[in-house]
Amino acid sequence: MASHIVENLKREIENFKADIKAEKVGKVVEVFDGIAKVSGLSEVKSQEMLKFEGGEAGVAFNLEEDTVGVIVLDDFSKINEGDTVTATGKILEVPVGSTLLGRAVNALGVAIDGASPIKTDMAYPIEKIAPGVITRLSVSEPVATGIKVIDATIPIGRGQRELIIGDRQTGKTAIAVDTILNQKGQDMICVYVSISQKDSKLRKIQARLEAGGAMEYTVIVSAGASEPAPLSYLVPYTGVAIAEYFMDQGKDVLIIYDDLSKHAIAYREISLLLRRPPGREAYPGDVFYLHSRLLERACRRSKDYGGGSITALPIIETQAGDISAYIPTNVISITDGQIFLETDLFYKGIRPAVNVGLSVSRVGGAAQIKAMKKVAGTLKLDLAQYRELEAFTQFGSDLDDATKKQLERGKRAVEVLKQTQYSPVSLENQVVVLYALTQGYMDDVAIEKIKEFEEKFAEYADRNAKKFLTQIRENKMWEESGEAELKKAIQDFKTSWPAQKK
């Protein structure tokens, strides 16, 4: 009996194979405000994902001589000093795929819309080197926003980075939402990144996009105002990683960051907690790099390198219209132009409250169809001159006929460029209305009747200037036959329309 036990033991010992599993483990030294200091992880990489003893996730952020500063992505109150921390060996990545379309997710790509969990087999790292110059194409195709003042005077092209800047409550998010709504049928995927916004605001935006049928081509990525700063810091990078997946499929993507002012504040909070040296306005010295490495990932790639594009519309909130503050000037210098929204114009009822003088698109006419370029060529200059003359005439000077005519044309241009929210206008209808304006057909229409004239004439042109509209849609420019048809339609409409006289 004893010999049988010994034989069994010998057999077990001979067949025993020890599975060696090496783990890099550290210990929590200190934990506070969403930050943990960890010792013992000497070989950890920057942005590596870490697992705490209770299952909470973290990201290695500060690599110091004796400790690692970790930003905690879950509830940090459950982590205690002395808890073990395990390195996963993986750089932080998020799930990507077409299953995200129509969904709202958090900074880690987890569904937050109450629907079923998102199933996807792919993941992209949130930090990636931007495509090189050789792989890029110049911007030449428009992103139609449906907003007349932008499409006519500050055009946006596929692959461009155009900043939307202005004080709070001046309509910055409204422009972004209208642009998403206008992409229906334009073969464009949209990613809306909400940074430290109230949940109620996000739900309203989502409901508006669903009502407009836009959620089917949109992904919402959100880190709410009540969530810890690390998630607000990560969420724009999550958004651009999702956008890059679609770009790699050869698709065009529009990404909106709402807004990067709050992103910079979240980064400042993390940096100060980790004892990084503060610079101007207490922001860390690399806050410029924070946004430049994010926005540089927006581009238009050549067909040889997979095609596709990412167009970025970052939003920045100013204080009392101060565009020379630290974060606004940083982002202005990274982007290809800005749409400046002015509080005074907003309260005057000029909405969208775009200040055409301070707004610029460095891509310019390259992002416009030929017809729009021709019809709106002098519009920006006319509006800027009108603003100057308007200020001058407040002194009550006698004006010559040419100046009076310019003022009257300017007033009508301002009225035409006013637009209600959630009512994007197609490019061909914009061209029709701007043609009537710039060719002087509205000069004898009373100011208070301009909006009515515009709306009724657009409907009339849809029925009676079909050749012109077809030429714009198909050839991006009108021919003589189409222009003659449009002129006749304008004259016939003015004859039949009862309110054309002052």
Side-chain angles (χ1 to χ4, degrees), residues 136-166 171-193 214 217-218 239-240 243 246-247 251-260 294-301 308-316 331-341 352-373 375-377 379-380 383 417 419 424-431 434 476:
R136 299 185 184 219
L137 278 179
S138 59
V139 175
S140 60
E141 288 182 32
V143 174
T145 64
I147 300 165
K148 288 172 285 188
V149 67
I150 294 174
D151 290 341
T153 64
I154 321 148
I156 300 168
R158 299 192 178 201
Q160 190 175 344
R161 297 151 298 182
E162 184 78 6
L163 172 64
I164 302 170
I165 186 167
K172 300 185 297 298
T173 301
I175 284 177
V177 172
D178 275 3
T179 304
I180 293 174
L181 289 170
N182 197 53
Q183 301 316 306
K184 194 167 189 179
Q186 305 282 340
D187 195 25
M188 177 84 83
I189 285 165
C190 301
V191 179
Y192 177 78
V193 179
Y217 54 83
T218 303
V240 77
F246 291 111
M247 181 174 72
K251 296 187 168 121
D252 292 314
V253 188
L254 173 71
I255 185 163
I256 287 146
Y257 303 106
D258 190 7
D259 65 73
L260 291 187
L294 174 71
L295 293 171
E296 272 299 312
R297 288 162 77 175
C299 67
R300 181 173 173 229
R301 283 199 312 214
S309 69
I310 296 176
T311 307
L313 295 183
I315 294 174
I316 287 285
V331 183
I332 285 170
S333 67
I334 299 163
T335 49
D336 305 312
Q338 70 272 355
I339 297 164
F340 180 65
L341 301 175
V354 176
N355 182 319
V356 176
L358 289 175
S359 301
V360 65
S361 171
R362 296 191 186 103
V363 172
Q368 281 177 314
I369 62 170
K370 287 180 184 175
M372 181 63 85
K373 201 188 298 189
V375 84
L379 189 61
K380 188 167 184 179
L383 282 166
L417 294 177
Q419 198 168 330
V425 181
S426 67
L427 277 178
E428 55 268 23
N429 281 348
Q430 289 185 41
V431 171
L434 291 173
K476 313 299 182 192

Taking side chain as C-beta onward, heavy atoms only, is [X] less than 4.5 Å from [Y]?
{"X": "Ile369", "Y": "Pro142", "value": "yes"}
{"X": "Thr335", "Y": "Pro314", "value": "yes"}
{"X": "Ile175", "Y": "Leu313", "value": "no"}
{"X": "Gln183", "Y": "Tyr217", "value": "yes"}
{"X": "Leu254", "Y": "Ile189", "value": "no"}
{"X": "Ile255", "Y": "Val240", "value": "yes"}
{"X": "Lys172", "Y": "Leu341", "value": "yes"}
{"X": "Val363", "Y": "Pro155", "value": "no"}

To the nearest 0.5 Å, how far apart are CG in Leu295 and CD in Glu162?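 Atom-to-atom, Leu295:CG and Glu162:CD are 12.0 Å apart.
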Mind checking the CG-NZ spacing from Leu181 to Lys184? Nearest 0.5 Å is all I need.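 It is 9.0 Å, given to the nearest 0.5 Å.
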CA sep, side-chain torsions, deciding dist, call: Arg136, Glu296, salt bridge (charged side-chain N to carboxylate O under 4.0 Å, His left out): CA-CA 12 Å; Arg136 299 185 184 219; Glu296 272 299 312; 3.6 Å; yes
Considering non-hydrogen atoms only, spot the tightest contact between Gly157 and Val139 and give its length.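 Looks like CA-CG1, 3.4 Å.
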Can you name the closest pair of heavy atoms from Thr311 and Gly159 and give their distance?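 Nearest pair, atom of Thr311 first, then Gly159: OG1-N, 2.9 Å.
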Evaluate the criterion side chain to side chain contact (heavy atoms under 4.5 Å, CB included) for residue pair Val143 and Met188; output intermediate values, then yes/no. CA-CA 9 Å; Val143 174; Met188 177 84 83; 3.7 Å; yes
Qualifying side chain to side chain donor-acceptor pair (under 3.5 Å) pairs with a residue from residues 357-372, counting only residues at least two apart or across chains: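 Every side chain to side chain donor-acceptor pair (under 3.5 Å) pair that includes a residue of residues 357-372, provided the two are not neighbours, is Gln160-Ser361.
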According to side chain to side chain donor-acceptor pair (under 3.5 Å), who are the partners of Ser140, at least two apart in sequence or on a separate chain?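 Expected list: Arg300.
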With sequence neighbours excluded, what pairs up with Asp178 under the side chain to side chain donor-acceptor pair (under 3.5 Å) test?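 For Asp178, no residue satisfies side chain to side chain donor-acceptor pair (under 3.5 Å) once neighbours in sequence are set aside.
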Counting N and O atoms only, with roles assigned by atom type, does the side chain of [X] sit under 3.5 Å from a partner on the main chain of [Y], one being a donor and the other an acceptor?
{"X": "Tyr257", "Y": "Ile316", "value": "no"}
{"X": "Thr153", "Y": "Ile150", "value": "no"}
{"X": "Asp336", "Y": "Arg161", "value": "yes"}
{"X": "Gln419", "Y": "Lys148", "value": "yes"}
{"X": "Gln430", "Y": "Val425", "value": "yes"}

Restricting to pairs with a member in residues 149-160, which pass salt bridge (Lys or Arg N to Asp or Glu O under 4.0 Å), not counting sequence neighbours?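 Residue pairs with at least one partner in residues 149-160: Arg158-Asp252.
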Testing Asp258, Thr218, Thr173 one by one against Tyr192 for a side-chain hydrogen bond (donor to acceptor under 3.5 Å, both in side chains), which residue passes?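 Going through the options one by one, the only one that passes is Asp258.
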Would you check, one step at a time, whether the test side chain to side chain contact (heavy atoms under 4.5 Å, CB included) holds for Val360 with Ile154? CA-CA 6 Å; Val360 65; Ile154 321 148; 5.8 Å; no
Evaluate the criterion side chain to side chain contact (heavy atoms under 4.5 Å, CB included) for residue pair Ile339 and Leu163; output intermediate values, then yes/no. CA-CA 6 Å; Ile339 297 164; Leu163 172 64; over 6 Å; no
Go through the structure and list residues passing side-chain contact (heavy atoms from CB on, under 4.5 Å) with Ala176, not counting sequence neighbours.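 Ile256, Ile315.
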Can you list everything that forms a side-chain contact (heavy atoms from CB on, under 4.5 Å) with Ala152? Sequence neighbours excluded, please.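 Per chain and number, Ala152 pairs via side-chain contact (heavy atoms from CB on, under 4.5 Å) with Met372, Ala376, Leu379, Leu434.
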Ignoring hydrogens and geometry beyond distance, is a side-chain donor-acceptor pair present between Asn182 and Thr145 at under 3.5 Å?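 No.
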